Number of protein chains: 2
Amino acid sequence: MLKTSGADTEGAAERRAISADLIAVLVAAPNGNPVVLTVKDGTTLPSGPFALGHRSLQSGLRDWVEQQTGHPLGYIEQLYTFADRDRSMEEAARRVISISYLGLTREEPSHRTPPGSWRNWYEFFPWEDHRAGAPAIIDDIIVPRLCQWADEQQDKRQNRLRRAASAFGFDDRHWNEELVLQRYELLFEAGMVEEAVRAKAGTGSSAVPGRTMTGDHRRILATGIGRLRTKIKYRPVVFELMPPAFTLLQLQRAVEALAGVTVHKQNFRRLIEQQDLVEETGEMSADTGGRPAKLFRFRHAVLDERQVAGTK
Amino acid sequence: MLKTSGADTEGAAERRAISADLIAVLVAAPNGNPVVLTVKDGTTLPSGPFALGHRSLQSGLRDWVEQQTGHPLGYIEQLYTFADRDRSMEEAARRVISISYLGLTREEPSHRTPPGSWRNWYEFFPWEDHRAGAPAIIDDIIVPRLCQWADEQQDKRQNRLRRAASAFGFDDRHWNEELVLQRYELLFEAGMVEEAVRAKAGTGSSAVPGRTMTGDHRRILATGIGRLRTKIKYRPVVFELMPPAFTLLQLQRAVEALAGVTVHKQNFRRLIEQQDLVEETGEMSADTGGRPAKLFRFRHAVLDERQVAGTK
DNA sequence: CCTTATTATGCTCGAACTGAGTATAATAAG
DNA sequence: CTTATTATACTCAGTTCGAGCATAATAAGG
């Protein structure tokens with residue numbers, strides 16, 4: 001929940017009606033597992049108040065994330081700022097502005113047992129993982145229910161069907177993995193996620209599988225995943241998630257974990273190598289099964305050299 | 001530990017001091033002229049406080065922009081939120097969060113004489129307009145001064161030179177029109193814009209040509225231009241700036257105005273047409289000079305059909 | 001009427017990039 | 001020594017992209 005301050009004892013004043021929260025979508029990908037940091041038993045994204053002690057929004061976020069996870073954030077990027085009144089259940093007189101960030105981190109802080117825990121993000125969006133083909137949930141549950149929803153209003157039917165088809169890739173449309181937010185919002189609009197049912201507490205329609213979250217944290221997570229899926233294509237940000245040395249397959253698995261789709265192995269290597277994104281360390285991997293692989297490291301120089309493309 | 005509940009009172013007193021401003025980068029392109037809406041004699045971007053009466057951030061912005069310009073915003077997109085203390089001259093105890101938006105609008109509201117005025121945005125960034133080749137100011141003033149700045153610190157010299165070359169496209173690097181913000185920030189760091197001199201009032205270095213603005217409004221404008229230059233390449237947003245019917249050359253001129261570079265005419269048409277972004281109206285332009293051109297309109301249907309690319 | 005300037009529009013051609021393979025190499029497990 | 005598994009090299013056709021040539025349709029000036 002976005003509420004961050006307690007008993008409000010001050011006298012009424014207009015000025016104090018606004019406060020600001022920082023919310024983090026903190027992502028890691030230990031051995032090809034896409035995970036996000038949560039608190040409160042996986043229901044909530046870490047968030048904290050923006051206080052006067054913070055030098056800036058970014059440093060405010062860094063301060064308490066490092067405090068939580070114990071290591072610095074490699075990459076941090078602002079996601080979105082929102083303040084819609086109907087997003088929270090606060091009384092109308094108080095406004096909370098939420099400023100969300102996307103952060104990428106290298107190691108998984110397993111042993112330090114942080115107060116939050118890392119969750120595979122597909123627990124929240126089971127329809128987003130297409131690495132082993134389109135999940136059954138789409139054809140079995142989502143598509144039929146969306147069609148049903150489209151039929152509810154004849155005048156909007158065509159439009160709804162088109163939106164649904166384009167978001168979920170049916171009717172000869174292909175799956176576009178970047179549309180994470182559009183899909184979530186479509187399900188929300190159709191009353192197919194728990195958050196929507198929660199909002200108008202009368203609708204009887206039940207939710208589609210997928211863990212829910214507090215407030216609109218799941219929407220923020222969707223925003224973060226979508227942004228990341230877009231970004232890996234034109235900026236070399238995956239490397240923020242990788243250990244110092246890695247094989248090309250490990251890199252590929254990380255990309256696939258984020259994108260939720262598989263890629264052609266040989267073409268992936270070709271792309272990475274012809275862009276000079278990596279260089280050999282000289283060592284080989286003490287691998288599991290199969291021929292040993294060369295180890296690579298990210299060529300940090302590329303960041304200066306030019307505006308490089310990413311992966312895929 | 002995260003403070004997300006009211007048990008902790010330490011934050012409560014501090015957070016009163018926060019207020020939020022909405023800032024707009026409102027762009028139009030009447031006959032191929034890239035303009036931005038300003039107030040106070042071109043020194044300031046329109047901005048207004050986020051008040052309790054506003055339903056949301058977006059609607060708050062829309063409210064007073066429509067009030068100012070008299071017509072609705074076709075396209076609106078959040079740019080960035082910042083709150084760095086050293087950005088403003090406010091006393092340290094008060095924090096202002098600024099939430100900036102990029103808006104595109106179709107007509108130029110010339111006659112309604114709004115309180116602000118439209119300015120060609122290259123007045124603020126003379127080095128950004130490469131439509132008639134690289135401006136002389138780059139080779140004559142900017143590059144020499146940047147090299148000089150790089151020489152000031154021997155240890156950082158290489159790094160500074162590389163950043164400068166990559167931003168301004170010298171040393172066999174090519175000009176990348178999207179790096180508007182990087183270029184502005186580099187000039188800022190090198191003390192070559194008035195805002196930087198203003199910040200540390202002692203540095204004697206004088207600024208490079210280009211109108212300055214209040215606070216960091218010029219930085220926000222740079223952010224907006226950069227974002228727009230990126231976006232036109234993969235989303236059909238230019239059409240928000242076009243009249244209902246237009247020739248392909250008019251469309252091309254608008255794109256060139258935004259991007260600050262020229263494009264190959266035949267290839268531009270090929271791209272637009274093969275993507276089905278437009279359709280013929282059936283009419284021809286009562287043109288200036290030369291063969292008459294077909295008039296086109298934007299095919300709004302493409303927005304539903306698929307995730308289309310933009311122009312160029 | 002004819003020439004020139006100007007814009008519109010159609011078409012070509014090679015380079016680069018992309019998707020989807022085939023083929024071969026190097027290791028571990030049985 | 002066969003099978004499974006992964007690594008890595010190479011090919012090939014389709015598509016896209018940058019750059020140019022060629023032609024069409026109009027206005028203005030002689």
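Chain naming here is simple, since letters A, B, ... match the order of the sequence lines and numbering starts at 1 in each. Computed from a prediction, not measured in an experiment: that's the story for all the values here.
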**Q** Hey, does B:T105 have a side-chain heavy atom less than 4.5 Å from the side chain of B:E240?
**A** no

**Q** Side chain of A:Q266 only, heavy atoms from C-beta on: which candidate in C:dT27, D:dG18, D:dA9 is closest?
**A** D:dA9

**Q** Would you kindly give the CG-to-C1' distance between B:L249 and C:dA8, to the nearest whole Å?
**A** 9 Å

**Q** Within this structure, what is the CD-to-C1' distance between A:E273 and D:dA7, rounded to whole angstrom?
**A** 11 Å

**Q** Could you check which of C:dT9, C:dG19, D:dA7 has an atom nearest any side-chain atom of A:N267?
**A** C:dG19

**Q** Remember a base hit wins even if backbone is also touched, and classify A:G290 as base, sugar-phosphate or nothing at under 4.0 Å, heavy atoms.
**A** base

**Q** Go ahead and name the base partner of C:dA29; Watson-Crick or wobble counts if both distances stay under 3.5 Å, otherwise write none.
**A** D:dT2

**Q** With both distances under 3.5 Å as the test, what is the Watson-Crick or G-U wobble partner of D:dT11?
**A** C:dA20

**Q** Just how far, in rounded Å, is C1' of D:dA7 from CD of A:Q250?
**A** 13 Å

**Q** What nucleotide among D:dA7, C:dT7, C:dG10 has an atom nearest to a side-chain atom of B:K294?
**A** C:dG10

**Q** Is the ring pair B:H130/B:W175 parallel, tilted or perpendicular, if the boundaries are 30 and 60 degrees?
**A** parallel

**Q** Could you work out which one of C:dT7, D:dC17, D:dA9 sits closest to the side chain of B:K265?
**A** C:dT7

**Q** What is the distance, to the nearest angstrom, from the CZ atom on A:R291 to the P atom on D:dA9?
**A** 8 Å

**Q** Let me know the distance between CZ of B:F296 and C1' of C:dA8, rounded to the nearest Å.
**A** 10 Å

**Q** Check the distance between C:dG10's C1' and B:R270's CZ and give it to me in whole angstrom.
**A** 12 Å

**Q** Among C:dA20, C:dA25, D:dA24, which nucleotide has an atom closest to any side-chain atom of A:H264?
**A** C:dA20

**Q** Do B:K294 and B:T247 pass the side-chain contact (heavy atoms from CB on, under 4.5 Å) test, and can you show the C-alpha distance, the side-chain angles, and the key distance before you say yes or no?
**A** CA-CA 6 Å; B:K294 292 179 189 166; B:T247 69; over 6 Å; no

**Q** Checking side chain to side chain donor-acceptor pair (under 3.5 Å) for the pair A:Y101/A:Q78: CA distance, chi angles, key distance, verdict?
**A** CA-CA 4 Å; A:Y101 280 82; A:Q78 207 176 82; 3.1 Å; yes

**Q** Roughly, in whole Å, what's the span from CZ in A:R253 to P in D:dT6?
**A** 8 Å

**Q** Take the protein atom CG of A:L271 and the nucleotide atom P of C:dA20, then report the distance between them rounded to whole Å.
**A** 14 Å

**Q** When you measure from the side chain of B:P292, which nucleotide among D:dT26, C:dA20, C:dT27 comes out closest?
**A** D:dT26

**Q** Measure up the B:Y184 and B:F125 rings against each other and bin them: parallel (under 30°), tilted (30 to 60°), perpendicular (over 60°).
**A** perpendicular

**Q** Any idea which of C:dT18, C:dA8, D:dC17 is nearest the A:Q274 side chain?
**A** C:dT18

